**Student:** 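Structure incoming, see below.
Only a predicted model underlies this, so the values are computations on that prediction, with no experimental measurement involved.
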Amino acid sequence: MRTHTRRTRTVVGVGLASSALALGTTFVAGSAASAAGTDGSDIVYTVHPLTKQFSTGTKPGALPTPSQCVARIGLACYTPALIRKAYDIPDGWTGKGQRIVVVDAYGSPTVRGDLDVFSQTFGLPKADLNVYYPGGQPQTSTAHKGQPLSWAGETSLDVQWAHAIAPDATINLVVAPNNYGNALNVAVKYAVDHDLGDVLSMSYGADEAAIKGKGNNLQLQQSHANFAAAAAKGISLFASSGDDGASNGGPALAAGYPASDPLVTAVGGTNLFASDTGAYEGETVWGDEASCAVHQPFGCTLGPIGATGGAPSTIFPAPAYQAGVNGNAMRTTSDVSYNASVYTSVFVYEGFNANPDDNGFYFYGGTSSGSPQWAAIGALADQQAGHRLGQLNPALYAIGTGATHALAFHDVTAGNNAWQGPGLDAKVGYDDPTGLGSPDVSNLVGQLIH
């Protein structure tokens, strides 16, 4: 979930009605050329020869392995094949016949070409991508004070990694003309009203306190009404939990919206450790303040970068599916988790930079990585079931608190999500930073559909 804070492509404002909604963070840990990051925003790129060396994207195998990245840079780097293997996604599960909605602001002027390069590089089929502009086509110039450039990166991450997990699914990208709450609400409503997908991903959000403090109750009601309409149609909803920790970078615990809406599956973030062949080796909470204090992971060579969201809501009471799970009278996030740390990053192709020398593969992290991939997992589940599974939280919690929890989820039990404020610890069973855990997709889907 892109936020408005440090070491990220900054967006202005956090409110829903009167200011812009922050987008899910796509932290970038490497660039293809040293000129990157000079667009006037506070983009921080750490330039490494490795990224330039492997930036062509011309053939599978052109990119480094996770162990090569760790040795040269101090972070892991994962391809679609490795992520699919680590999370136990069967080769024959491709999402064929399913549709994934991705909602973003501004979009990207090169989204189709970049997705083609990504697909060709990793041996994926050509994507079936449709782009909709319900509010009119936005300004996407990368010179526009960095903001569309930021969202171009977000758009690239969302569509490329939804495609990576469900390569035969149709991706319907719905682009809002700006990142104000009303524009994004209109985009979601358009997708729901026109039944554009079986699952829907939102890699954006704002601190609940900022929403309540700006008199945005009408916007909140409109947004929740969109989600209720989606649930009525059997559309599964996913949103990023955030990248500023349990407090959203403030002095007190604070959940992010729309992840905190009870109709939405909130996706928190982890450090995923996997071998060069994709063998799953474990996960910890993505929380760099805590992990860097003990020199993990990989020596914390870039310093603290961020932390997953996950905290109690101040707006929504605990829904029935969370009763007795978290010991809190209020709805809590996260519900589930997924790889998000920049130290365990994924490859994303950027072709939209003003200087062509800056185009290439970048290392991305943030909980915006998890939301589109969980949406794609939802599409895989729908494919296996032969119908829409709809609002997933009740079923996820029934599985996640049942006797077969350990088969369906990786229980993340180590780490803390403090970020410039209080944090919450991972523990056995449900916890706020990582929810029920990350998926063993094959086993989880098997339980969802039986």
**Student:** So does N359 get a backbone contact from the side chain of E350, meaning a donor-acceptor N/O pair under 3.5 Å?
**Tutor:**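 No, because the side chain of E350 does not come within donor-acceptor range (under 3.5 Å) of the backbone of N359.
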**Student:** Who are the side chain to side chain contact (heavy atoms under 4.5 Å, CB included) partners of S438, not counting sequence neighbours?
**Tutor:**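 In terms of side chain to side chain contact (heavy atoms under 4.5 Å, CB included), with neighbours along the sequence ignored, S438 is linked to Y87, Y280, E283, S337, H410.
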**Student:** Could you check if a side-chain atom of T308 sits within less than 4.5 angstrom of a side-chain atom of T434, using non-hydrogen atoms only?
**Tutor:**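 A side-chain contact is absent here, since even the closest heavy-atom pair is not under 4.5 Å.
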**Student:** Does E289 reach the main-chain N or O of N417 with its side chain, forming a donor-acceptor pair under 3.5 Å?
**Tutor:**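 Side chain of E289 to backbone of N417: no pair is present.
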**Student:** Is the backbone N or O of G365 less than 3.5 Å from a side-chain atom of S369, with the two atoms forming a donor-acceptor pair by type?
**Tutor:**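 Looks like no, no N/O pair under 3.5 Å.
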**Student:** With ring centroids as reference points, do F363 and F347 lie under 6.0 angstrom apart?
**Tutor:**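 Judged by ring-centre distance (under 6.0 Å), F363 and F347 do meet the cut-off.
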**Student:** Measure from the side-chain N and O atoms of Y349 to the backbone N and O of Y362, and report whether any donor-acceptor pair falls under 3.5 Å.
**Tutor:**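 No; zero donor-acceptor contacts below 3.5 Å.
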**Student:** What distance do T265 atom OG1 and N393 atom CG have between them, rounded to the nearest 0.5 Å?
**Tutor:**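 Output value for this atom pair is 3.5 Å.
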**Student:** Relative to each other, are the rings of F316 and Y257 parallel, tilted or perpendicular (30° and 60° limits)?
**Tutor:**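 Parallel, since the angle between the ring planes stays under 30°.
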**Student:** In terms of the angle between their ring planes, are F118 and F361 parallel, tilted or perpendicular, with boundaries placed at 30° and 60°?
**Tutor:**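 If you compare the ring of F118 with that of F361, the planes turn out tilted.
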**Student:** Among all residues two or more places apart in sequence or in another chain, which pass the ring-ring contact (aromatic ring centres under 6.0 Å, His included) test with H405?
**Tutor:**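 By the ring-ring contact (aromatic ring centres under 6.0 Å, His included) rule, H405 matches F409.
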**Student:** Find out whether M330 and T314 are in side-chain contact, i.e. whether some heavy atom of one side chain is under 4.5 Å from a heavy atom of the other.
**Tutor:**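 Counting from C-beta outward, M330 and T314 never come under 4.5 Å.
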**Student:** In chain order, what residues pass the side chain to side chain contact (heavy atoms under 4.5 Å, CB included) check against K189, with sequence neighbours excluded?
**Tutor:**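 K189: side chain to side chain contact (heavy atoms under 4.5 Å, CB included) contacts with D193, N226.
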**Student:** Please tell me if the side chains of S291 and Y343 come closer than 4.5 Å, counting only heavy atoms from C-beta onward.
**Tutor:**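 No, every pair of side-chain atoms sits at 4.5 Å or beyond.
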**Student:** Do the ring planes of F273 and F298 sit parallel (below 30°), tilted (30 to 60°) or perpendicular (above 60°)?
**Tutor:**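 Taking F298 first and then F273, their aromatic rings stand perpendicular (interplane angle over 60°).
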**Student:** Mind listing the closest non-hydrogen atom pair of A375 and V199 along with its distance?
**Tutor:**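 In terms of heavy atoms, the two residues are closest at O-CG2, 3.2 Å.
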**Student:** Y364 side chain to E154 main-chain N or O, any donor-acceptor pair under 3.5 Å?
**Tutor:**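 No.
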**Student:** Backbone N or O of W151 within a donor-acceptor pair of the T155 side chain at under 3.5 Å?
**Tutor:**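 At least one qualifying donor-acceptor pair exists.
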**Student:** What are the two closest non-hydrogen atoms of L448 and A395, and how far apart are they?
**Tutor:**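 The pair with the smallest heavy-atom distance is CD2-CB, 3.7 Å.
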